[in-house]
Protein chains: 2
Amino acid sequence: MLAVTGTRKARRATVHDVAAAAGVSRGTVNRVLNGGYVSVDARAAIEAAIAEVGYVPNRAASQLARQRSQAVGFLALEPHSLLLEDPNIGAIMLGANAVLSLADHQMVSLVIDSDRDMQRVGRYLSGGFVDGAIIVSARSHDPITRLIAEIGLPATFVGHPPDLARDIPFVGIDNIGSARAITERLIGTGRERIGMVAAALDRDSGADRLTGFKQALGDRFDPALVADVPLYDYAYGVKGMRALLDREPALDGVFAASDAVAAGALETLREAGRRVPEDVGLVGFDDSSWALRTQPPLSTVHQPARDIGRHAAELVLRQIAGDPVEPSLLLDSPVVWRQSA
Amino acid sequence: MLAVTGTRKARRATVHDVAAAAGVSRGTVNRVLNGGYVSVDARAAIEAAIAEVGYVPNRAASQLARQRSQAVGFLALEPHSLLLEDPNIGAIMLGANAVLSLADHQMVSLVIDSDRDMQRVGRYLSGGFVDGAIIVSARSHDPITRLIAEIGLPATFVGHPPDLARDIPFVGIDNIGSARAITERLIGTGRERIGMVAAALDRDSGADRLTGFKQALGDRFDPALVADVPLYDYAYGVKGMRALLDREPALDGVFAASDAVAAGALETLREAGRRVPEDVGLVGFDDSSWALRTQPPLSTVHQPARDIGRHAAELVLRQIAGDPVEPSLLLDSPVVWRQSA
DNA sequence: TTGTACGCGTTATCAG
DNA sequence: CTGATAACGCGTACAA
């Protein structure tokens, strides 16, 4: 049973049609559309006409004439697993969308899942389809970073400072300081042998969290107590924790590079017969929904993801408006103390 | 420390510039761009010129002239919590993007988070900015459903059949049949008192899963053994399971409406001192990452989310091409038997 | 206050 | 095979 659908190509009404129906010129129609002095009579007639012919503005034409699209791109360069499951990036999107929406800008989020995607998205951005972009988790050597800099598109980076393109603002948190802070609090609970499941050391956030951990420990830092895994991920949390336990069974404290990693670590500790927090204190990072889902709930670092999104959007809008912006913005990321340590 | 950035407005090169640089007319340039007969000399000169002036096509202009955008919208109408955490929708996006990408279409995903968003997205869709749309989880009374039907935009619904717009194709799974199948398998393990944590009964998927459950149980169905909660969510799984245990402590089998719900239920069962699967058999739905993360891993129904996305995209592309499409497509969703039942 | 005319960058048509 | 030229639908000076 087949049916042809979506074929009614009924040409959409244009300003021209509206003008004709209302008995005025196109210029006048435009004035009621985009604000301007119009007589009451004309306005009434035109509004009636608009409804009658079912006029809907053509954004492509508008964009071409106006040379801007009222749209902002949102790109996340995380690997799949994260894009699909990291609630942070969803929260960032929602925050960004909220402020863009208020400014009557359409946020269009573009997925990059292959080289081909990368090419196409590049053309999309360069093609004037967006007035600006928010780029999450890009690194200096990502092709997108160069592209953005080259075409001079108003943009804001989130999550990883683009050291290549110094004049593009960045918004994020102080990973080093927060990691140090939470490790110090862990030390404060009297733990003696503290290890870390570090993750994503090839990203700034991952490397920074390890740095903060080292700083907090100072002389007591022992490289043997660091297990590093490639991704912020539950499964890698399991793996990393196992490695750590193998190396140092007497471990009594663990800093996991993210809540997902911590959740995996928690499961492993439980399997190994260690009680949390009695035998081992465990802390995470992100304050994602993982943190509340585990038993006991995780002590962690709160990432103000929503605010990060909001600020990123604001920075982009300001650049579009031609206003000056500060080159980077670090938001507060307080330690949240729960029961896992 | 403030800096103005993103202000270099270097006018981008146009076909005109390329033509001038290559010493040919715009028509010829266009022919090398979009395929056509061009002499080798001309082609070489033009390609050199393109590289030289750094020409990038302007999509708005192209869209205006060609009357299509080579873009497809992706809308998810789930409540926040789901949008942020349901891995299924991410997988659907990735599947859809894969086939759109191959067809050189840009997938733009639009978030709808307020009435204002709804309005703006409506204008966006109506404005010719996309040639088609994939709509996840829309229901008949969602404004978007009417809009899509009205403007006759090639579209495909995913997850919930739009009974209002019968001529728009739908792709999904057979929720009733799958729910029945997994409940039957649960019965097959010898469980006597089987309950269900039903969720989202206001959505087709939620209602259908309950229907399947009833069908499987037949005469043995007992309304008292159904707890219903508003969302497919971990926290509601906890809540629903508690209600169920209160009503029937002798429960020995549970069908949770989704894996997230099942995970919450599992935690509750554990707290209540019930062993899974020894004392209580538990099954979920979705085969999301939740299913593998729990201890023991969940028996569940596999949702081919990626394939759903692929097919949805294909259906949209076919409509754009004016080809006939079948009105609806149900994909296989096999039962996956693991250790929780 | 209103109408007119031109430009935005591409694509498409039609002679040459 | 190539070069003019007219749309595409809207914004915006400028003139009325």
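Here is how names work: the chains are called A, B, and so on, in the same order as the sequence lines, proteins then strands, and each is numbered from 1. Bear in mind the structure is a predicted one, so any value in this text is a computation, not a measurement.
- Whole-Å rounding puts the A:R66 CZ to D:dC10 P distance at 12 Å.
- As judged by a 4.0 angstrom heavy-atom cut-off over every strand, B:V56 is placed among residues touching the sugar-phosphate backbone only.
- B:A42 comes within 4.0 angstrom of the backbone, heavy atoms only, and of no base.
- As a whole-Å value, the separation of A:L64 CG from D:dA7 C1' is 13 Å.
- At C:dG3, one or more side-chain N or O atoms of A:T28 fall inside 4.0 Å of OP1 or OP2 (strictly under the cut-off).
- Closest approach to the B:A61 side chain among C:dT10, D:dC10, C:dG3 is made by C:dT10 (side chain taken as heavy atoms from C-beta onward).
- When each of C:dG9, C:dG3, D:dC10 is scored by its nearest atom to the side-chain atoms of B:T14, the top-ranked nucleotide is C:dG9.
- Between A:D17 and A:R12 there is no salt bridge, since no side-chain nitrogen of the basic residue lies less than 4.0 Å from a carboxylate oxygen of the acidic one.
- With contacts defined as side-chain heavy-atom distances shorter than 4.5 Å, the pair A:V130/A:Y124 qualifies.
- One can place CG of A:L33 at 7 Å from P of D:dG11, the figure rounded to the nearest angstrom.
- For A:Y55 and D:dC10, the shortest distance from a side-chain N or O to OP1 or OP2 is below 4.0 Å.
- In this entry the distance linking OH of B:Y37 with P of D:dG3 reads 18 Å, nearest Å.
- Rounded to a whole Å, the CZ atom of A:R31 is 11 Å from the P atom of D:dT12.
- Atom CZ of A:R68 is separated from atom C1' of C:dG9 by 18 Å (rounded to the nearest Å).
- With respect to B:R123 and A:D104, a salt bridge is recorded, a charged nitrogen being found less than 4.0 Å from a carboxylate O.
- Residue B:S62 places its side chain closer to C:dT11 than to any other of C:dT11, D:dG11, C:dG3.
- Spacing between atom CD of B:Q63 and atom P of C:dT10 amounts to 13 Å, rounded to whole angstrom units.
- The side chain of A:R26 sits closest to D:dC10 out of D:dC10, C:dT1, C:dG9.
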Steps toward side-chain contact (heavy atoms from CB on, under 4.5 Å) verdict (A:Q63, A:Q70)
CA-CA 8 Å; A:Q63 170 174 344; A:Q70 295 277 97; over 6 Å; no
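- When distances run from any side-chain atom of B:S39 to the nucleotides C:dG9, D:dC10, D:dC1, the shortest one goes to D:dC1.
- What separates CG of A:N34 from C1' of D:dG9 is a distance of 13 Å, to the nearest Å.
- Aromatic pair B:F157/B:F170: centroids not less than 6.0 angstrom apart.
- Closest approach to the A:N30 side chain among D:dA4, C:dG9, D:dG11 is made by D:dG11 (side chain taken as heavy atoms from C-beta onward).
- Checking the phosphate oxygens (OP1, OP2) of D:dG9, a side-chain nitrogen or oxygen of B:Q67 falls inside 4.0 Å.
- Along DNA chain D, the nucleotide nearest to B:S25 and the one nearest to A:R59 differ in position, and the one closer to the 5' end is contacted by B:S25.
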